[in-house]
Amino acid sequence: MTTEKKEMEVVKGLDLERYMGRWYEVASFPSRFQPKNGADTRATYTLNPDGTVKVLNETWDGGKRGFIQGSAFKTDPKSDEAKFKVRFYVPPFLPIIPVTGDYWVLYIDPEYQHAVIGQPSRSYLWILSRTAHVEEETYKQLVEKAVEQGYDVSKLRKTAQSDTPPESDAAPDDTSPVR
């Protein structure tokens with residue numbers, strides 16, 4: 001017996017300016033784009049004058065900073081749905097091959113402190129927070145939001161975050177990409 005997954009519901013009317021800034025990865029589905037032992041993983045979003053978003057993804061593995069930069073843009077500029085495409089170039093130090101993926105904001109709390117991000121195939125999932133740590137009850141509520149969207153949360157892995165996350169300026173000068 002197969003169960004049909006309902007269509008995902010995305011946030012409507014996302015205030016893009018409020019969404020900008022640093023987000024810490026609380027949990028995610030493991031992916032080939034990130035190191036297995038990555039810690040202090042975070043994303044920083046900056047609004048560009050043309051309405052696109054500069055994306056900086058960072059993670060630390062064995063004390064070394066890995067990062068990749070890209071850009072995001074609305075899938076349909078006329079829609080009020082928070083559906084974006086994110087484009088990175090691989091390898092980042094020799095931008096030849098563009099890799100584009102879906103970035104759908106599935107949930108954002110009213111204060112813009114916690115978010116659940118996914119994409120239509122449900123192969124990727126991220127739980128983000130403005131702080132490196134979240135209360136367990138908050139985490140459970142965010143996981144429940146993913147379940148409501150049809151995600152198999154058994155694949156979800158919490159991301160190790162330091163009590164004092166590294167600052168970009170103080171990070172080792174390592175140019176290896178986030179994998």
message = Could you work out, with side chain to side chain contact (heavy atoms under 4.5 Å, CB included) as the rule, every residue matching Glu135, not counting sequence neighbours?
response = Thr138

inquiry  = Suppose we screen for salt bridge (charged side-chain N to carboxylate O under 4.0 Å, His left out). Which residues come up paired with Lys158, at least two apart in sequence or across chains?
reply    = Glu136

key: Interatomic spacing from NZ in Lys140 to CD in Glu144 - rounded to 0.5 Å   = 11.5 Å

request  = Just jot down the side chain to side chain contact (heavy atoms under 4.5 Å, CB included) partners of Thr52, sequence neighbours excluded, or say none.
outcome  = Asn48, Asp50, Phe73

inquiry  = For a quick test of reading the model, state the closest non-hydrogen atom pair linking Gly51 to Leu47 and the distance between them.
reply    = O-CD1, 3.9 Å

query = What are the two closest heavy atoms between Ala146 and Val153, and how far apart are they?
reply = CB-CG1, 3.9 Å

inquiry  = Show the nearest heavy-atom pair for residues Pro30 and Arg157, with the distance to one decimal.
reply    = CG-CG, 3.7 Å

request  = Check side chain to side chain donor-acceptor pair (under 3.5 Å) between Asp163 and all other residues, then give those that pass, not counting sequence neighbours.
outcome  = His133

Residues forming a side chain to side chain donor-acceptor pair (under 3.5 Å) with Thr131, sequence neighbours excluded = Ser129

ask   = Looking only at heavy atoms, which two atoms of Ala72 and Val86 are closest? And how far apart?
value = CB-CG2, 4.0 Å

Nearest-0.5 Å distance that lies between atom CG in Leu14 and atom NZ in Lys74 = 8.0 Å

remark   = In terms of heavy-atom contacts, Arg18 and Arg130 come closest through O-NH2, 2.7 Å

task = Test side chain to side chain contact (heavy atoms under 4.5 Å, CB included) on Leu156 and Val143 and set out the steps.
result = CA-CA 9 Å; Leu156 199 57; Val143 169; 3.7 Å; yes

request  = Could you check whether the rings of Tyr19 and Tyr103 sit parallel, tilted or perpendicular, using 30° and 60° as the cut-offs?
outcome  = perpendicular

query = Can you name the one residue among Trp126, Trp104, Phe29 that meets ring-ring contact (aromatic ring centres under 6.0 Å, His included) with Tyr151?
reply = Phe29

task = Quick one: list whatever passes side chain to side chain donor-acceptor pair (under 3.5 Å) with Asp61, sequence neighbours left out.
result = none

key: Rounded distance (nearest 0.5 Å) linking atom CG of Leu125 with atom CG of Asp152   = 10.0 Å

Point-to-point distance, once rounded to the nearest 0.5 Å, from CH2 of Trp60 to OG1 of Thr41 = 8.5 Å

inquiry  = With side chain to side chain contact (heavy atoms under 4.5 Å, CB included) as the criterion, how do Val55 and Phe84 come out once you've worked through the C-alpha distance, each side chain's angles and the decisive distance to 0.1 Å?
reply    = CA-CA 12 Å; Val55 177; Phe84 297 87; over 6 Å; no

message = Strictly by salt bridge (Lys or Arg N to Asp or Glu O under 4.0 Å), give each pair with a member in residues 77-86 just once, sequence neighbours left out.
response = Lys12-Glu81, Glu81-Lys83, Lys85-Asp102

key: Stepwise side chain to side chain contact (heavy atoms under 4.5 Å, CB included) test for Arg42 and Trp23   = CA-CA 6 Å; Arg42 63 193 181 199; Trp23 289 90; over 6 Å; no

Which pairs of donor and acceptor atoms, one on a side chain in residues 105-120, lie under 3.5 Å apart (sequence neighbours left out)?
from   : atom 1 : to     : atom 2 : distance (Å)
Asp109 : OD1    : Tyr112 : N      : 3.4
Asp109 : OD1    : Gln113 : N      : 2.6
Asp109 : OD1    : His114 : N      : 2.6
Asp109 : OD2    : Glu111 : N      : 3.3
Tyr112 : OH     : Asp15  : N      : 2.8
Gln113 : NE2    : Glu111 : O      : 3.2
Gln119 : OE1    : Ser121 : OG     : 3.1
Gln119 : OE1    : Arg122 : N      : 3.0
Gln119 : OE1    : Ser123 : N      : 2.9
Gln119 : OE1    : Tyr124 : N      : 3.2
Gln119 : NE2    : Ser121 : OG     : 2.9

task = With sequence neighbours left out, write down each residue that passes side chain to side chain contact (heavy atoms under 4.5 Å, CB included) with Ala132, or none if nothing qualifies.
result = Tyr24, Gln161, Pro165

message = Can you tell me if Lys54 has over 12 outside heavy atoms packed within less than 6.0 Å of its NZ?
response = no

inquiry  = To check you understand the geometry: which heavy-atom pair defines the closest contact between Ala43 and Asn57, and what is its length?
reply    = CB-OD1, 3.3 Å

Residues which pass side chain to side chain donor-acceptor pair (under 3.5 Å) with Arg87, listed by chain and number, not counting sequence neighbours = Thr100

ask   = Taking atom CD of Glu148 and atom CE of Met8, what is their separation to the nearest 0.5 Å?
value = 12.0 Å

message = Check whether Asp40 reaches the backbone of Ser162 with its side chain - one donor and one acceptor, N or O, closer than 3.5 Å.
response = yes

